[in-house]
Each structure stands twice: as structure tokens, then as C-alpha cells.
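In what follows, a structure is listed as C-alpha cells, so that the remarks can point back to it.
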2 protein chains.
Amino acid sequence: MRIGQLARSVGVDTQTIRFYEREGLLPPPDRQDNGYRIYTERHVERLAFIRRCRILELSLAEIHELQRYQGAPHQPCRAINTLLDDQIAHVQSQITDLQVLEKQLVSLRASCNDDREIEACGVLEGLSEGSMQ
Amino acid sequence: MRIGQLARSVGVDTQTIRFYEREGLLPPPDRQDNGYRIYTERHVERLAFIRRCRILELSLAEIHELQRYQGAPHQPCRAINTLLDDQIAHVQSQITDLQVLEKQLVSLRASCNDDREIEACGVLEGLSEGSMQ
DNA sequence: TAAAACTATATAGTCACTATAAGGTCAATA
DNA sequence: TATTGACCTTATAGTGACTATATAGTTTTA
Ligand SMILES: [Zn+2]
Ligand SMILES: [Zn+2]
Ligand SMILES: [Zn+2]
Ligand SMILES: [Zn+2]
């Protein structure tokens with residue numbers, strides 16, 4: 001199949017496919033005489049793997065790492081699980097940070113109603129004073 | 001004061017200060033004969049304002065918008081409050097997304113223990129199969 | 001006097017794409 | 001047959017908010 005069909009079947013842009021190839025995440029496919037890339041079913045699976053990893057917000061470097069592990073099937077999988085543990089910890093700390101942020105924003109928002117002049121806006125006042133960290 | 005002292009007093013890098021100046025967030029200060037930037041107390045306040053906004057993850061464009069509002073003190077402040085409401089909504093949706101992500105990651109992680117070979121790793125299996133969205 | 005610490009500008013790198021430009025290829029239509 | 005349109009190619013620049021590097025000039029300290 002050509003790049004457009006691969007793109008449609010996995011749900012990415014053709015540019016993204018070429019980008020992954022340049023980054024070494026997708027192996028360079030064979031070319032037709034006219035230079036067009038020709039992909040196989042294995043490329044579909046490989047690209048779908050990448051997208052599933054990206055949905056989980058693994059970085060391209062981490063995906064590369066996973067791909068290297070796939071090439072060494074008889075080694076212990078601890079490193080893979082650790083990679084996932086790290087990602088979980090990362091996501092959890094992001095959630096915690098955002099919850100703190102939300103509280104700050106809500107509290108700041110509560111310091112004003114909609115019927116003031118800008119010079120009396122509680123939000124702007126809160127941002128201008130050093131009361132925040 | 002010179003740029004280094006401003007940087008230390010607000011807790012940013014000198015490069016960041018020059019960057020904000022280029023981006024139009026900090027007014028260009030006077031210069032000494034040797035070309036060194038000289039800042040006043042007003043610059044300290046202005047920079048601290050920017051940093052407080054950045055802590056709340058407002059974009060530089062939004063901060064610019066707030067600065068424009070500060071120049072029109074007698075207009076109603078509704079737009080400022082709306083800007084904050086948008087930011088709150090944005091943060092809340094980020095939290096929701098991350099919570100979904102966390103669940104997916106934890107569930108994937110639960111499909112493997114540490115004592116397997118890579119070819120039998122439940123995590124890698126989960127990523128390779130189409131069972132995920 | 002020489003070294004350390006500071007300042008200046010300009011330019012490139014980060015991340016994972018996304019957009020744009022400028023052109024080559026192919027099948028179907030007027 | 002000419003041309004339209006959909007597809008493909010490469011190369012280059014832009015996104016956001018910095019951060020790093022290179023190169024050079026200035027001030028302060030030892
Ligand atoms: Zn084995
Ligand atoms: Zn207000
Ligand atoms: Zn007034
Ligand atoms: Zn495992």
C-alpha cells in the first residue's frame with residue numbers, strides 16, 4: 001500500500017509517517033520505480049504500535065526504547081515495566097500539580113465578579129500583588 | 001539595577017528577561033553608556049506579574065492581553081474574568097484527560113509482573129494488540 | 001595585571017509534530 | 001490531447017516558552 005492508505009488506516013497524517021521514518025521509529029519501506037513508498041502489513045502494525053504508545057503519552061525516545069526491547073525477546077521485561085511505572089508516576093505528579101493549579105485559579109477567580117472596572121478587578125489585583133507564590 | 005540583579009530578585013534567568021523584552025512583555029529599559037540594561041522597581045513588578053501569570057500557566061499571549069487591559073482601567077473587567085474561567089476549564093479538562101490516561105496506564109501495568117521474558121511481557125503485549133483505543 | 005564575573009548579540013536546539021513551497025506522477029475526463 | 005485532480009516527492013520553516021551555545025566586550029576582584 002502507499003503512504004496515503006497507511007495514513008488513513010492508522011489515522012495519522014502522511015507527514016507524520018515520513019517524520020517517524022526520519023526519526024528511526026518506522027523502517028524505511030521499499031520504493032516503487034517512481035519513488036513512492038510501498039508499505040506492508042508489518043508497517044501498519046508498527047505504526048499502530050507507535051500511536052498506541054503516543055496515546056499513553058510515551059515520548060518518541062521511550063517508544064524507541066520499547067522497540068529495542070522487542071528485538072531482544074529473551075531478556076527479562078523488568079525494564080519495560082519500570083518504564084511504565086515511571087510514566088504512571090509522571091502522570092500522577094502532573095495531575096497533582098494541576099489540581100494545585102486549579103485551586104489557585106478558582107480562588108483567584110472568586111475574588112472578582114463581572115461588574116467591576118478593570119482598576120478594581122480582583123483577579124488583576126491578585127496577580128499584581130505578591131500574595132501568590 | 002542591572003539584569004543580573006533583576007533576574008535574582010524575581011527568580012528567572014537573564015536570558016528569559018531578554019526573551020520577554022523581545023516578545024514585548026517587558027518594556028525595553030534604558031541603557032548605560034556601555035549598553036548594559038538598567039532596570040527600575042517598576043520592571044521588578046512587571047516581571048513578577050509575568051511570573052505569577054506563568055505559574056498559573058497563562059500563555060504569553062494571555063499575559064499580553066492582561067497587560068493591555070491594565071492600560072484601560074475604566075473598562076469593565078468581564079474579559080479578564082472570562083480569561084480566567086477559560087483557563088480553569090482548560091486545566092480541568094487536562095486533569096480529566098490525565099485521569100483517563102492514568103487508568104489506562106495502571107491497567108496496562110497490571111497485566112505484567114517483573115519476572116517474565118520480554119516476549120511474554122504483558123505490557124508489550126497490551127501495546128501490540130489492538131485492544132486499546 | 002590577570003582572572004573571574006558580568007554583560008551584549010546572534011543563532012540553534014528542545015518536542016512532536018504541522019504547515020508551506022515547489023515540484024513529479026498517474027488516472028480519468030473534456 | 002490537454003488538463004484537471006488526487007496523489008506522491010523533498011526541503012524548509014513554524015509552533016511555545018524557553019534554554020544552550022558561541023563569541024565578544026566590560027567591570028570587579030584578587
Ligand atoms: Zn524465550
Ligand atoms: Zn474582575
Ligand atoms: Zn474608574
Ligand atoms: Zn513485563
Side-chain angles (χ1 to χ4, degrees), chain A residues 1-26 28-39 43 46-67 86-87 90-91 94 97-98 101, chain B residues 1-26 28-40 43 46-67 83 86-87 90-91 94 97-98 101:
Chain A
M1 77 186 66
R2 297 191 312 203
I3 198 168
Q5 198 187 330
L6 175 60
R8 274 188 301 279
S9 77
V10 178
V12 302
D13 195 280
T14 56
Q15 305 242 65
T16 303
I17 294 172
R18 294 191 196 99
F19 169 72
Y20 286 159
E21 182 182 330
R22 274 201 307 283
E23 297 292 305
L25 286 162
L26 263 185
D30 288 341
R31 301 285 185 127
Q32 284 176 344
D33 290 347
N34 56 17
Y36 289 13
R37 290 170 176 81
I38 318 171
Y39 293 98
H43 286 97
R46 187 94 175 241
L47 181 56
F49 177 85
I50 296 171
R51 293 313 296 184
R52 273 179 233 119
C53 291
R54 288 294 302 133
I55 287 169
L56 298 178
E57 296 200 2
L58 298 178
S59 70
L60 298 192
E62 287 167 329
I63 296 170
H64 212 95
E65 200 179 331
L66 287 176
Q67 290 180 341
D86 289 352
Q87 183 69 357
H90 183 230
V91 168
Q94 267 187 280
D97 290 351
L98 284 171
L101 181 55
Chain B
M1 77 185 68
R2 297 193 312 202
I3 199 170
Q5 198 187 332
L6 174 60
R8 274 188 301 278
S9 78
V10 178
V12 302
D13 195 280
T14 54
Q15 304 242 65
T16 302
I17 294 172
R18 294 191 197 98
F19 169 72
Y20 287 158
E21 182 182 330
R22 275 203 305 283
E23 297 293 304
L25 286 162
L26 264 184
D30 288 341
R31 303 282 186 129
Q32 284 177 342
D33 291 346
N34 56 17
Y36 287 15
R37 291 170 177 82
I38 318 174
Y39 293 97
T40 67
H43 287 96
R46 187 96 175 241
L47 181 56
F49 177 85
I50 295 171
R51 293 313 296 184
R52 271 178 235 118
C53 292
R54 289 294 300 133
I55 286 169
L56 299 179
E57 295 199 1
L58 298 178
S59 69
L60 298 193
E62 287 167 328
I63 296 170
H64 212 94
E65 200 180 331
L66 286 177
Q67 290 180 342
L83 192 154
D86 289 352
Q87 181 71 357
H90 184 230
V91 168
Q94 267 187 281
D97 291 351
L98 284 171
L101 181 55

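A, B, ... follow the sequence lines: proteins, then strands. Residue 1 opens every chain.
For the pair A/A61 and B/R8, both in contact range of DNA chain C, the more 5′-proximal nearest nucleotide belongs to B/R8.
Judged as a side chain to side chain donor-acceptor pair (under 3.5 Å), the pairs with a partner in residues 7-20 of chain B (not counting sequence neighbours) are, in order, B/Y20-B/R51.
Partners of A/Q94 according to the side chain to side chain donor-acceptor pair (under 3.5 Å) rule, which considers only residues two or more places apart in sequence or in another chain, do not exist here. Considering only residues two or more places apart in sequence or on other chains, B/E62 meets the side chain to side chain donor-acceptor pair (under 3.5 Å) condition with B/S59. In terms of the side chain to side chain donor-acceptor pair (under 3.5 Å) criterion, residue partners of A/E65 (sequence neighbours excluded) are, by chain and number, A/Y69. Applying the salt bridge (charged side-chain N to carboxylate O under 4.0 Å, His left out) criterion to B/R37, with sequence neighbours excluded, gives B/E21. Qualifying ring pair (Phe, Tyr, Trp, His ring centres under 6.0 Å) partners for B/Y39, counting only residues two or more places apart in sequence or in other chains: B/H43. Not counting sequence neighbours, the partners of B/N34 by the side chain to side chain contact (heavy atoms under 4.5 Å, CB included) test are B/Q32, B/Y36.
With a 4.5 Å cut-off on side-chain heavy atoms, A/D86 and A/H90 do not count as touching. You'll find the side chain of A/Q67 reaches within 4.5 Å of the side chain of A/R46, heavy atoms only. Counting heavy atoms from C-beta on, the side chains of B/E57 and A/L101 come closer than 4.5 Å. Between A/F19 and A/L60 there is a side-chain heavy-atom pair separated by less than 4.5 Å. Proximity of B/L58 to B/L83: side-chain heavy atoms (C-beta onward) are separated by under 4.5 Å at one or more points.
Less than 4.0 Å separates DNA chain C from at least one heavy atom of each of the following residues of residues 10-23 of chain A: A/Q15, A/T16, A/F19, A/Y20.
In this structure, the CZ atom of B/R37 is 14 Å from the C1' atom of D/dG25, given to the nearest Å. A/Q5 places its CD atom 13 Å from the C1' atom of D/dC7, with the value rounded to the nearest Å.
Axis angle, first five pairs versus last five pairs of the helix from C/dT1-D/dA30 to C/dA30-D/dT1: 30°, rounded to 10°.
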Pairs: protein N or O with nucleotides 26-30 of chain D N or O, under 3.5 Å:
| from | atom 1 | to | atom 2 | distance (Å) |
| --- | --- | --- | --- | --- |
| D/dT26 | O4' | B/Y36 | OH | 3.3 |
| D/dT26 | O3' | B/N34 | ND2 | 3.4 |
| D/dT27 | OP1 | B/N34 | ND2 | 2.7 |

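First and last contacts of DNA chain C with chain A, using any nucleotide atom under 4.0 Å from a protein heavy atom and ordered 5' to 3', fall at C/dA16 to C/dC26.
Once rounded to the nearest 0.5 Å, the distance linking CZ of A/F49 with CG of A/L25 reads 10.0 Å.
Residue B/R54 has no polar side-chain atom (N or O) positioned under 4.0 Å from OP1 or OP2 of D/dG16.
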